[in-house]
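Data block below; observations after.
First the proteins, then the strands, lettered A, B, ... as listed; each starts at 1.
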Number of protein chains: 2
Amino acid sequence: MINPMYLTIVEDIKQKISSGQLKPSDAVPSENALCKEYGASRMTVRKGLAILANDGYIYSIPGKGSFVRKPELNKYTIYYDEMNNSINTVDQSRLLEVNIIMPDEKLAGELQTTINKNVIVIRRLFYTEGKPVAYDIKYLLYSKGMPIVEKELEQATFPEMVSGSMSAFSLKKELAIYAQMPDKEVKQYLNIYDELALLVVEQRIYNEEKKPIGFCMTYFRGDYIKLKGSSD
Amino acid sequence: MINPMYLTIVEDIKQKISSGQLKPSDAVPSENALCKEYGASRMTVRKGLAILANDGYIYSIPGKGSFVRKPELNKYTIYYDEMNNSINTVDQSRLLEVNIIMPDEKLAGELQTTINKNVIVIRRLFYTEGKPVAYDIKYLLYSKGMPIVEKELEQATFPEMVSGSMSAFSLKKELAIYAQMPDKEVKQYLNIYDELALLVVEQRIYNEEKKPIGFCMTYFRGDYIKLKGSSD
DNA sequence: TAGTGGTCTAGACCACCTA
DNA sequence: AGGTGGTCTAGACCACTAA
């Protein structure tokens, strides 16, 4: 056999689901039935079903059976890196400001901290072939191990800045994406003289306990960014 | 015991990784070592390791061992539905056009078909509280089971339109997201009189063999859409 | 009570890697 | 040759569900 037996089971059931022979909320044959059908032991059958469950094809209810799941029609995976997107790569970065400030009330609320706690501000401009393509501003709660070398700060993405000071495995991250007209300040930074739309990406990073660690806004020239996502 | 043993193993190793006690590319103790450490059988240990591998914490190399994976810092999951986003819900939809056309060369290329094959066009306007918020245009290769009832077409999302004619499990989908200024046509449709940015979302749907089934562009008023994504 | 999935064991053989 | 992970077995006991 080229394939291990559990993969044969997986492929067979996937095929039955994809072809419509098994429809959402239909029952998959019981583990014992599959054992007999394939002449396999129960652990082997269960390994196959575990893979199907992990891939989102089925779910199991103790005492009842395994059933075909309704597919998630709206789910996509996106890889976001403020320095690289599907139509552009930042080849140069300029540090506009690195500072320690007291947050105003809005920022303090965003970071769930108080206005007398120090916050690091990092403002950068991203360039491609000498032209400014994005304006980036980050606010970080200080913690040990933060990069403070300018060369590092110029090149680091948001998660990278934080992952120096803690294991990146425990980070929770959120994105918000929207379109907006530039204000005067951003127009100046990005050399925008005529009408041009901005793509704005907000990033929030939390620790394991969902406490905010950092907040970031990146304003991309609309003609220099395209984000891509895909299912599976 | 409240937790099954394999979950204890999972939590222990996750904790060691999150705390930095085990770093990326470090070796996880071998299966036999874990068997002894927890007094468990090998299958139980392997079940724990399989979960860690599935969650992206470790990977295994036959003959060598299991190792801590570098976390994916840039990965996000986004749920996209042209009718619903994090700041707005479409409460009404108007069908502008349902038609069968011969594609021009650009569209034929996009759908990897020829200019003498029929293509369905569906153009819609989305409203919120009586105001137009998005202009939506879809091109579909015809196949059996397509919805052709107007009421269905008004309310269906792109994947829903296609999933009537085939199992949604076999679909591959892609998104592209960018910002753009509206042209005259879109300005009219969306009642835009002053400067307003558009968020444009392109959707592509493919069948199992990666052959295109449909292509869709949705132009959102920038003030009526915010897409959200998150890690894990 | 019979059937279901969830957990777990104590073996086995294999292919692979390192020394 | 000895250790590693990958596959597989033939049992076991449990909690849950349904008739």
Excluding sequence neighbours, so at least two apart, what forms salt bridge (charged side-chain N to carboxylate O under 4.0 Å, His left out) with A:Lys210?
A:Glu174
Sequence-distant partners of A:Lys173, salt bridge (charged side-chain N to carboxylate O under 4.0 Å, His left out), two or more places apart
none
Using the test side chain to side chain donor-acceptor pair (under 3.5 Å), find all partners of [X] that sit at least two apart in sequence or belong to another chain.
{"X": "A:Ser60", "result": "A:Ser66"}
{"X": "B:Glu202", "result": "B:Tyr178, B:Arg204"}
{"X": "B:Glu209", "result": "B:Asn207"}
{"X": "A:Ser230", "result": "none"}

Using the salt bridge (Lys or Arg N to Asp or Glu O under 4.0 Å) rule, collect all pairs that involve residues 51-74 of chain B, keeping only residues at least two apart or in two chains.
B:Lys14-B:Asp55
Tell me the interatomic distance from [X], atom [atom1], to [N], atom [atom2], rounded to whole angstroms.
{"X": "A:Lys47", "N": "D:dT7", "atom1": "NZ", "atom2": "C1'", "result": "7 Å"}
{"X": "B:Met43", "N": "D:dT9", "atom1": "CE", "atom2": "P", "result": "10 Å"}
{"X": "B:Ile9", "N": "C:dT7", "atom1": "CD1", "atom2": "P", "result": "13 Å"}
{"X": "B:Tyr6", "N": "C:dT9", "atom1": "OH", "atom2": "C1'", "result": "16 Å"}

Testing the 3.5 Å rule here: is there a donor-acceptor pair between the side chains of A:Tyr38 and A:Asp12?
yes
Quick check for you: among C:dG5, C:dT9, D:dT7, whose closest atom lies nearest to any side-chain atom of A:Arg46?
C:dG5
In B/S/- notation, 5' to 3', how is nucleotides 13-19 of chain D contacted by protein heavy atoms closer than 4.0 Å?
---BSS-
Residues of residues 51-60 of chain B with any non-hydrogen atom less than 4.0 angstrom from an atom of DNA chain D: list those, numerically ordered, please.
B:Ser60
Could you identify which residues of residues 22-41 of chain B place a heavy atom less than 4.0 Å from some atom of DNA chain D, listed by residue number, or say none?
B:Ser30, B:Glu31, B:Asn32
Ring geometry between B:Tyr135 and B:Tyr219 (parallel below 30°, tilted from 30 to 60°, perpendicular above 60°)
parallel
Compile the donor-acceptor pairs under 3.5 Å between side chains in residues 21-34 of chain A and protein atoms, sequence neighbours left out, one pair per line.
from    : atom 1 : to      : atom 2 : distance (Å)
A:Lys23 : NZ     : A:Gly20 : O      : 2.9
A:Asp26 : OD2    : A:Lys23 : N      : 2.9
A:Ser30 : OG     : A:Ala33 : N      : 3.2
A:Glu31 : OE1    : A:Arg42 : NE     : 2.8
A:Glu31 : OE1    : A:Arg42 : NH2    : 3.0
A:Glu31 : OE2    : A:Arg46 : NH1    : 2.7

Which pairs count as ring-ring contact (aromatic ring centres under 6.0 Å, His included) when at least one residue sits in residues 43-64 of chain A, sequence neighbours excluded?
A:Tyr57-B:Phe169, A:Tyr59-A:Phe67
side-chain N/O A:Thr44 vs D:dT9 OP1/OP2, d < 4.0 Å
yes
